[in-house]
Amino acid sequence: MRMTKTEPTKAEAAETAAEPAAATAGKPAAAPSKTTDIVPGPGGVMTDEVGVVTGDLTLRTELTGGDVVVRVQYKDAEEWYTVTGGRAKLADPSDLDAVHQIVIGLLNRPEG
C-alpha cells in the first residue's frame, strides 16, 4: 500500500503556525499553545486591554504553568490582547486542545 502526503487545510496550517514572539513584554514565547484564525460575530471579542476587537482575528490559547490564557490579535498584527474572562486553571495540560476547540466554537462566527 502506498501512502501519499496530503497538504494541510488552511485551518490546520494556522493552528500549527509558528508561535508569535510574545504576547506581552517580558513574556516567554515557549508556552505550549494553539493558534487559529477566526472571524467573530457582530459584537466582536471583548479584551482586557483595549475593549472590543472586531474583524479578522487570530486566536491563541496558551498554557502557562497550570493556567490557560486566551488571547486575540488583529490578523498579522504584533500586539496580543487577553480575552476578558479568558483565564482559568487547567487541571491537565493535555486538555489544551479541547479548550482551544471550545473557544473557537464560542468566538468564531464568520456568518454572524
Side-chain angles (χ1 to χ4, degrees):
M1 176 181 216
R2 185 175 165 169
M3 302 286 289
T4 58
K5 184 178 177 185
T6 60
E7 293 297 317
T9 66
K10 187 175 180 180
E12 290 168 336
E15 284 187 347
T16 58
E19 179 74 18
T24 58
K27 180 170 181 6
S33 67
K34 296 287 185 175
T35 305
T36 303
D37 291 336
I38 65 167
V39 178
V45 176
M46 179 62 78
T47 69
D48 292 346
E49 297 84 0
V50 296
V52 175
V53 293
T54 60
D56 293 339
L57 304 175
T58 301
L59 169 75
R60 182 173 72 195
T61 308
E62 64 186 39
L63 184 60
T64 304
D67 294 335
V68 64
V69 181
V70 179
R71 301 180 195 275
V72 292
Q73 73 176 171
Y74 290 105
K75 191 169 166 103
D76 299 322
E78 291 185 23
E79 300 83 15
W80 287 90
Y81 308 112
T82 304
V83 173
T84 300
R87 292 179 180 271
K89 293 285 182 194
L90 194 62
D92 187 340
S94 67
D95 291 337
L96 180 65
D97 187 52
V99 171
H100 185 70
Q101 293 303 317
I102 290 167
V103 174
I104 292 170
L106 293 169
L107 298 180
N108 189 36
R109 299 282 184 239
E111 296 179 19

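Keep in mind it's a predicted model, so treat the numbers as computed, not measured.
Between Glu49 atom CD and Arg71 atom CZ the span is 7.5 Å, to the nearest 0.5 Å. Rounded to the nearest 0.5 Å, atoms CG (Asp56) and CD1 (Ile38) are 9.5 Å apart.
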- Query: Can you list the steps and then say if Asp97 with Asp95 is a side chain to side chain contact (heavy atoms under 4.5 Å, CB included)?
  - Reply: CA-CA 6 Å; Asp97 187 52; Asp95 291 337; over 6 Å; no
- Query: Between Trp80 and Val72, is a side chain to side chain contact (heavy atoms under 4.5 Å, CB included) present by the stated rule, with each step listed?
  - Reply: CA-CA 6 Å; Trp80 287 90; Val72 292; 5.6 Å; no
- Query: Stepwise, does the side chain to side chain contact (heavy atoms under 4.5 Å, CB included) test hold for Lys34 with Arg60?
  - Reply: CA-CA 6 Å; Lys34 296 287 185 175; Arg60 182 173 72 195; over 6 Å; no
- Message: With side chain to side chain contact (heavy atoms under 4.5 Å, CB included) as the criterion, how do Asp37 and Leu59 come out once you've worked through the C-alpha distance, each side chain's angles and the decisive distance to 0.1 Å?
- Response: CA-CA 6 Å; Asp37 291 336; Leu59 169 75; over 6 Å; no
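With Leu63 as reference, Leu90 is the one residue of Leu90, Val69, Val99 to meet the side-chain contact (heavy atoms from CB on, under 4.5 Å) rule.
Hydrophobic clustering keeps Leu57 apart from Met46 (ILVMFWY residues linked when any side-chain heavy atoms are closer than 4.5 Å, directly or through intermediates). Under the 4.5 Å side-chain heavy-atom criterion for Ile, Leu, Val, Met, Phe, Trp and Tyr, Val39 and Val45 are members of distinct hydrophobic clusters.
Summarising the geometry of Pro40 relative to Gly55, their closest heavy-atom pair is CD-O, 3.0 Å, with the distance given to 0.1 Å. In this structure, Val53 and Tyr74 approach most closely via the heavy-atom pair CG1-OH, 3.3 Å.
Contact check on Asp67 versus Arg87 returns no salt bridge, with no Lys/Arg side-chain nitrogen under 4.0 Å from an Asp/Glu carboxylate oxygen.
Between Thr58 and Thr36 the shortest side-chain heavy-atom distance does not fall below 4.5 Å. Proximity of Val52 to Thr47: side-chain heavy atoms (C-beta onward) are nowhere separated by under 4.5 Å.
At a cut-off of 3.5 Å, with distance as the only test, no side-chain donor of Asp48 or Thr82 sits close to an acceptor on the other residue.
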